[in-house]
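See structure below.
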Amino acid sequence: MTELQTAAHWSIEDLALNDIDVDRIRHNDSLFLLVCSASFVESGSDTYTRNLIERFEDDEEVAGWLDRQWEPEELQHGRALRAYVQRVWPGFDWEAAYADFFVEYARLCTMDELEPTRGQEMAARCIVEMGTTTYYQALHEACDEPVLRDLFWRIRGDEVQHYKHFYAYFQKYREREKLHRGQVLAALVRRALELRREDATIALRHAVAWRLRSGAIDGGPAPIADAEALAQRAIDLVGAHLPMELAIRMAIKPLALRPRVQRAVIRPLAALGRRVLLR
């Protein structure tokens with residue numbers, strides 16, 4: 001796996017948090033909700049990492065990378081996003097909102113949620129990393145505050161590297177388990193169908209609830225707004241910038257399709273994916 005090693009990782013100290021253009025973003029409810037919900041999910045990443053490490057405990061290459069690189073980087077994403085939220089929206093009770101989120105989220109983080117084989121689990125992880133890569137790329141495009149754009153792009157770069165590792169591990173286990181394309185496709189589809197109902201959806205729901213409850217996060221009264229409408233505006237903002245063709249290329253890579261077939265299916269699958277994931 002030496003070809004996948006990267007340069008020294010960035011730190012929160014690399015972020016210009018003192019230079020945030022607060023006036024440019026403080027009143028943007030959609031970006032607040034998206035940053036806040038992302039901070040929840042990333043901050044809880046150690047919960048499901050433990051399950052993966054247990055699943056691969058006898059594979060030092062995989063378990064060691066999960067423990068020493070993937071988990072610390074995911075948790076750093078959470079700390080960085082939280083620091084941004086607390087710098088721009090100091091009136092928001094992040095700790096209480098996260099605690100509420102985690103009670104519900106933790107119920108999803110069980111061994112039963114993993115795929116039946118290691119190879120299929122690595123294929124499913126490719127879907128997860130595809131989702132985070134394209135999500136942070138969309139947020140980067142949707143945002144005009146320079147410090148937050150920088151943070152989104154740093155996280156997006158990490159997620160690309162994570163995808164590469166999971167894909168390499170998938171290839172190893174595909175060979176060991178003699179997985180056929182149908183088994184791989186089944187794992188990809190199962191995980192893709194879970195994207196909207198799991199962690200991100202839960203996090204956004206709690207961010208919306210606490211946004212309406214907290215009131216003066218921006219120095220003024222909370223707006224009288226419908227929670228569902230607030231959430232939908234945030235989802236629409238991501239959807240308007242989501243690189244769906246990139247998402248499809250990353251999602252179908254484990255299928256090892258012939259180049260001509262892959263080119264033929266990307267556009268129709270991108271159109272279908274946009275309807276399914278963002279409706």
Side-chain angles (χ1 to χ4, degrees), residues 24-25 28-42 45 74 77-78 80-81 84-85 123-164 166-167 185 187-208 211 228-255 257 262-279:
R24 182 175 290 189
I25 193 168
N28 190 323
D29 264 331
S30 292
L31 274 174
F32 163 74
L33 294 172
L34 294 167
V35 177
C36 187
S37 58
S39 74
F40 291 169
V41 174
E42 301 280 10
S45 59
E74 295 289 289
H77 298 167
L81 291 163
Y84 191 94
V85 168
R125 289 291 109 193
C126 288
I127 292 292
V128 174
E129 299 302 330
M130 170 278 292
T132 53
T133 295
T134 54
Y135 178 74
Y136 285 111
Q137 181 166 326
L139 293 183
H140 175 269
E141 295 302 316
C143 177
D144 65 354
E145 199 288 301
V147 177
L148 187 55
R149 280 175 59 86
D150 175 54
L151 174 55
F152 284 149
W153 200 251
R154 289 174 187 269
I155 297 177
R156 189 259 188 200
D158 289 346
E159 303 297 356
V160 170
Q161 292 303 315
H162 297 169
Y163 176 94
K164 290 179 179 179
F166 283 122
Y167 180 72
L185 178 61
L188 296 175
V189 170
R190 279 193 294 268
R191 197 61 187 84
L193 292 175
E194 296 295 318
L195 288 180
R196 276 294 303 276
R197 83 164 182 89
E198 288 195 351
D199 47 13
T201 302
I202 296 170
L204 182 59
R205 184 168 66 252
H206 285 281
V208 168
R211 169 65 185 100
E228 185 174 344
L230 274 176
Q232 190 59 52
R233 284 202 295 270
I235 292 169
D236 290 344
L237 181 63
V238 175
H241 298 277
L242 196 70
M244 188 59 76
E245 291 193 11
L246 172 62
I248 296 301
R249 286 197 297 272
M250 294 176 74
I252 67 176
K253 187 175 181 179
L255 294 174
L257 300 174
Q262 180 169 309
R263 288 193 297 270
V265 302
I266 284 177
R267 284 193 175 182
L269 286 178
L272 176 63
R274 187 172 296 278
R275 289 197 299 270
V276 169
L277 294 178
L278 302 175
R279 67 172 182 263

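Just so you know, these numbers come straight off a predicted model, no measurement behind them.
Here Gln262 contributes atom CD and Leu255 contributes atom CG; the two are 9.0 Å apart, rounded to the nearest 0.5 Å. The distance from the SG atom of Cys143 to the CG atom of Leu148 is 4.0 Å, given to the nearest 0.5 Å. From Leu139, atom CG reaches atom CD of Gln137 across 10.5 Å, with rounding to the nearest 0.5 Å. In this structure, Asn28 CG and Arg233 CZ are separated by 10.0 Å, a value rounded to the nearest 0.5 Å. We find the OG1-CD distance between Thr133 and Gln161 to be 9.5 Å, quoted to the nearest 0.5 Å. Atom CD1 of Ile202 is separated from atom OG of Ser37 by 12.0 Å, given to the nearest 0.5 angstrom.
The minimum heavy-atom distance linking Thr134 with Leu242 is given by the pair O-CD1, 3.6 Å. Nearest approach of Ser39 to Leu81, heavy atoms of both residues: CB-CB, 3.6 Å. Scanning both residues, Leu188 and Ala123, for their nearest heavy atoms gives CD2-O, 3.4 Å. The heavy-atom pair separating Ala142 from His241 by the smallest distance is CB-CD2, 3.5 Å. Met130 approaches Ala247 most closely through the heavy-atom pair CG-O, 3.3 Å. When every heavy atom of Phe40 is checked against every heavy atom of Ala203, the shortest pair comes out as CD1-O, 3.9 Å.
Counting heavy atoms from C-beta outward, Pro146 and Arg24 have side chains that approach closer than 4.5 Å. No side-chain heavy atom of Val41 sits less than 4.5 Å from a side-chain heavy atom of Thr132. For the pair Val208/Leu33, a side-chain contact is recorded, criterion being any heavy-atom separation below 4.5 Å from C-beta on. Residues Arg125 and His162 form no side-chain contact, since every pair of their non-hydrogen atoms from C-beta on lies 4.5 Å or further apart. Taking the side chain as every heavy atom from C-beta outward, Phe32 and Ile25 never approach each other to under 4.5 Å. Residues Ile155 and Glu42 are in side-chain contact: their nearest non-hydrogen atoms beyond the backbone lie under 4.5 Å apart.
With sequence neighbours excluded, no residue forms a salt bridge (Lys or Arg N to Asp or Glu O under 4.0 Å) with Arg263. Taking the salt bridge (Lys or Arg N to Asp or Glu O under 4.0 Å) definition, one finds that Glu245 meets it with Arg267, sequence neighbours left out. Residues passing the salt bridge (Lys or Arg N to Asp or Glu O under 4.0 Å) test with Arg149: none are found, sequence neighbours excluded. Residues meeting the salt bridge (Lys or Arg N to Asp or Glu O under 4.0 Å) test with Arg249, sequence neighbours left out: none. Residues satisfying the ring-ring contact (aromatic ring centres under 6.0 Å, His included) criterion with Phe152, sequence neighbours excluded, are absent altogether.
Under the 4.0 Å criterion applied to side-chain N and carboxylate O atoms, Arg154 and Asp150 are assigned as salt-bridge partners. At a threshold of 4.0 Å, the pair Asp29-Arg211 counts as salt-bridged, since one of the basic side-chain nitrogens sits closer than that to a carboxylate oxygen.
A donor-acceptor pair shorter than 3.5 Å cannot be found between the side chains of Ser45 and Glu74.
Screening residues 127-148 for ring pair (Phe, Tyr, Trp, His ring centres under 6.0 Å), with sequence neighbours left out, gives His140-Trp153.
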Item checked: Residue pair Glu159, His77: steps toward the side-chain contact (heavy atoms from CB on, under 4.5 Å) verdict -> CA-CA 10 Å; Glu159 303 297 356; His77 298 167; 3.5 Å; yes
